[in-house]
Participant: 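Quick one: this structure, given as structure tokens, is what I'll be asking you about.
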2 protein chains.
Amino acid sequence: MALRKDAQRNRERLVDAARAVFAERGLDVALDEVARRAGVSIGTLYNRFPTRADLVRAVFADRAETVVRIAEHALGTDDAWAGFTHFVEQVCRMQAADRGYNDLAARSLPQAAPTPEHVRGYELMTEVVERAKRSGALRPDFVLSDMAFVTWAITRTIEATADVDPQAWRRHLGFVLDGLRAPAAHPLPVPALTDEQVGRIMRDC
Amino acid sequence: MALRKDAQRNRERLVDAARAVFAERGLDVALDEVARRAGVSIGTLYNRFPTRADLVRAVFADRAETVVRIAEHALGTDDAWAGFTHFVEQVCRMQAADRGYNDLAARSLPQAAPTPEHVRGYELMTEVVERAKRSGALRPDFVLSDMAFVTWAITRTIEATADVDPQAWRRHLGFVLDGLRAPAAHPLPVPALTDEQVGRIMRDC
DNA sequence: GAAGAAGTTGAGGTCATGCTCAACTTCCTA
DNA sequence: TAGGAAGTTGAGCATGACCTCAACTTCTTC
């Protein structure tokens, strides 16, 4: 059975308000701020979204699709390395523009994915990485789980520098990418995290 | 006027307890946990350390000296690049061993430094970086404020992976250092943060 | 060893956030 | 358009952390 008309309107208002508030202040804002901004009572918020995660999911439901588009574009680029850097840069740009998405990226990189879009985004990201390795431009000892390091690093820099210099993350990303080129590679001291380990970390917030 | 004997003993107990609790759970633990562990009332804690920052300072007072020692050792190494990587690795190792110090590193890189030891640590760190650049091994466009990126990145990885794989940060650091070698350098898209900007970020938590 | 200075204590006030639920309102349907 | 289902409301309870202060204890000094 569908939602009643008023309920549907309230739901939309809540998601819109949450989108704005999350973008401004991150995923950990007090939820009554969201309710107030939506012009709705806190009870209605909890009625519609019993947990914060439900609300977060609703707000960022469409982002998986965006990631898919970015990855497809990256795979359409002739130069595999350019595709890889394009992918990373675009995702980082989304993070820099939205504190909520930045938080989300730090906590749940597409992984152990629920929706078909998430699965597809995950697969395409894998292919972006593998293709860049096959081309010889991305260092061969880089594996998918190492993307977590990239994400965490840039995420943290965005958090720290957003107020002072909103473009600073680009410089950090420059250093990071220079460390991922094949000619830059020196032996790594320890093996990669398993995908399972990364998944566990993400699940624990 | 000096502290009374019992007060001095309580102070020591508080600092010891705080050291242990911070190391285990980070700088943001509830302070009554510290008081409980010290076997002292919460009132005494506030009496001795009016703010959390006072307690943190007392706990980590000796660390500045340790950093100085590490930097001196680094500067004593013939190979400037080996000295630089040694310095970074040892500081990261300290962070990995102590969640409190890890938090501290993310928030206040030695900067706008209060004690003489801090000033000295800051100067030596500058020299470690400059020497590595002069040697031609560290990329010439790297500046001191870029150390903040390194610190934030490894800090975040340590936070995320400590429970799952306590050595994982070494792999991340491997990627980072490979991006800092001179031959790896590609032009950076934006200029560095100023030292003043980094200082402001640290001050705002 | 008496007196007062120094230090300790912990119950309790304050605040921010999460979350609930009984009374009320709106909507839909027959 | 009446009645009941669906949805809304917000005061209020719960929790947990911060911090205070008046009454109490311990130390030091003469």
Side-chain angles (χ1 to χ4, degrees), chain A residues 1-60 99-100 103-104 107-108 159 203-205, chain B residues 1-60 99-100 103-104 106-107 159 203-205:
Chain A
M1 57 196 158
L3 281 181
R4 235 168 59 177
K5 201 168 49 181
D6 54 343
Q8 194 137 16
R9 197 186 53 228
N10 284 337
R11 200 197 118 98
E12 263 168 46
R13 285 181 181 170
L14 279 166
V15 172
D16 288 349
R19 203 190 315 277
V21 174
F22 286 162
E24 265 172 40
R25 324 243 294 254
L27 293 186
D28 296 325
V29 285
L31 288 182
D32 69 338
E33 168 91 22
V34 173
R36 201 174 331 124
R37 183 97 68 118
V40 137
S41 89
I42 186 66
T44 297
L45 188 156
Y46 278 101
N47 199 31
R48 201 56 54 218
F49 302 100
T51 74
R52 182 183 295 263
D54 292 323
L55 182 55
V56 170
R57 249 190 300 277
V59 166
F60 295 104
R99 285 184 191 205
D103 289 349
L104 191 66
R107 299 174 194 183
S108 75
E159 264 174 41
R203 237 163 285 134
D204 302 351
C205 242
Chain B
M1 59 194 156
L3 280 181
R4 233 168 62 178
K5 201 169 50 181
D6 55 342
Q8 194 137 17
R9 196 186 56 228
N10 283 337
R11 201 198 118 97
E12 264 168 47
R13 285 182 182 169
L14 279 165
V15 171
D16 288 349
R19 204 190 314 277
V21 174
F22 287 162
E24 265 171 40
R25 324 241 295 254
L27 293 186
D28 296 324
V29 285
L31 288 182
D32 70 336
E33 168 90 22
V34 173
R36 202 175 329 123
R37 183 97 69 119
V40 137
S41 89
I42 186 67
T44 297
L45 188 156
Y46 278 100
N47 200 30
R48 201 54 56 216
F49 303 100
T51 72
R52 183 184 296 264
D54 293 323
L55 184 55
V56 171
R57 249 191 300 277
V59 166
F60 294 105
R99 286 185 188 202
D103 288 350
L104 192 66
R107 297 175 195 182
E159 263 174 42
R203 237 163 286 134
D204 303 350
C205 242

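A quick note: this is a predicted structure, and the numbers were derived from the prediction, not measured. Note that these values count all heavy atoms, side chains included, but never hydrogens, waters or copies made by symmetry. By convention in this document, chain letters (A, B, ...) are assigned in the order of the sequence lines, proteins followed by strands, and residues within each chain are numbered from 1.
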Participant: Can you tell me how far C1' of dA17(D) sits from CD of Glu33(B), to the nearest Å?
Facilitator: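 Taking atom C1' of dA17(D) as the reference, CD of Glu33(B) is at 13 Å.
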Participant: Measure CZ/Arg13(A) against P/dG7(D) and give the value in whole Å, please.
Facilitator: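 It is 16 Å, rounded to the nearest whole Å.
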Participant: So, is Asn10(B) near the phosphate of dT8(C), with a side-chain N or O under 4.0 Å from OP1 or OP2?
Facilitator: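 Checking Asn10(B) against dT8(C): at least one side-chain N or O falls below 4.0 Å of OP1 or OP2.
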Participant: Would Arg36(B) and Glu33(B) pass as an ion pair if we require N to O under 4.0 Å?
Facilitator: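 Yes, Arg36(B) and Glu33(B) are salt-bridged.
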Participant: For nucleotides 12-18 of chain C, just jot down a letter per nucleotide in 5' to 3' order: B, S or -, based on protein non-hydrogen atoms under 4.0 Å.
Facilitator: -----SS
Participant: With no hydrogens and no angle check, just 3.5 Å: does a side-chain donor-acceptor pair link Thr44(A) and Asn47(A)?
Facilitator: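 Thr44(A) vs Asn47(A): no donor-acceptor pair found between side chains.
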Participant: Asn47(A) side chain N/O closer than 4.0 Å to the phosphate oxygens (OP1, OP2) of dT8(D)?
Facilitator: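 Checking dT8(D) against Asn47(A), a side-chain N or O does come within under 4.0 Å of OP1 or OP2.
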Participant: For the pair made of CZ in Arg11(A) and P in dT8(D), what is the distance, rounded to whole Å?
Facilitator: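 In whole Å, dT8(D) P and Arg11(A) CZ are 12 Å from each other.
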Participant: Would you please confirm or rule out a distance under 4.0 Å between OP1 or OP2 of dT9(C) and any side-chain N or O of Thr44(B)?
Facilitator: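 True: Thr44(B) side-chain N/O within range (under 4.0 Å) of dT9(C) OP1/OP2.
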Participant: Find out whether Phe49(B) and Val34(B) are in side-chain contact, i.e. whether some heavy atom of one side chain is under 4.5 Å from a heavy atom of the other.
Facilitator: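 They are not in side-chain contact.
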Participant: Please name the pair of heavy atoms, one in Gly100(B) and one in Leu27(B), separated by the smallest distance, quoted to 0.1 Å.
Facilitator: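 That closest heavy-atom pairing would be O-CG, 3.5 Å.
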Participant: If I take atom CG in residue Leu55(A) and atom C1' in nucleotide dC19(C), what distance separates them, rounded to the nearest angstrom?
Facilitator: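 So the two atoms are 15 Å apart, to the nearest Å.
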Participant: Report the distance from atom CG of Leu45(A) to atom CG of Leu14(A), rounding to the nearest 0.5 Å.
Facilitator: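 Nearest 0.5 Å value for the CG-CG distance: 5.0 Å.
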Participant: Considering only nitrogen or oxygen atoms on both sides, find all protein atoms under 3.5 Å from nucleotides 24-27 of chain C and state each distance.
Facilitator:
unit_1, atom_1, unit_2, atom_2, d
dT26(C), O2, Arg4(A), NH1, 3.0
dT26(C), O2, Arg4(A), NH2, 3.2

Participant: Distance check needed: dA17(D) P versus Arg36(B) CZ, whole Å only.
Facilitator: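 In whole Å, dA17(D) P lies 9 Å from Arg36(B) CZ.
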Participant: For Asp103(B) and Asp28(B), which heavy atoms make the closest approach, and how far apart are they?
Facilitator: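 In this case the closest contact between Asp103(B) and Asp28(B) is OD2-N, 4.5 Å.
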Participant: Would you kindly give the CG-to-C1' distance between Asp54(B) and dC19(D), to the nearest whole Å?
Facilitator: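 So the CG-C1' distance, Asp54(B) to dC19(D), works out to 14 Å.
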Participant: So among Leu3(A), Asp54(A), Asn10(A), which one has a side chain to side chain contact (heavy atoms under 4.5 Å, CB included) with Arg48(A)?
Facilitator: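 Only match with Arg48(A) under side chain to side chain contact (heavy atoms under 4.5 Å, CB included): Leu3(A).
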Participant: When you check the gap from the basic side-chain N to the acidic O, do Asp16(A) and Arg19(A) get nearer than 4.0 Å?
Facilitator: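 Salt bridge: yes.
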Participant: Please find the pair of heavy atoms, one from Arg52(A) and one from Val29(A), that lie closest to each other, and give the distance.
Facilitator: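 Reported closest heavy-atom pair: NH1-O, 2.9 Å.
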Participant: To the nearest Å, how far apart are Leu45(A) CG and dG7(D) P?
Facilitator: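 Interatomic distance, CG of Leu45(A) to P of dG7(D): 15 Å.
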Participant: Could you state the atom-to-atom distance from CZ of Phe49(A) to C1' of dG7(D) in whole Å?
Facilitator: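 Computing the Phe49(A):CZ to dG7(D):C1' distance gives 14 Å.
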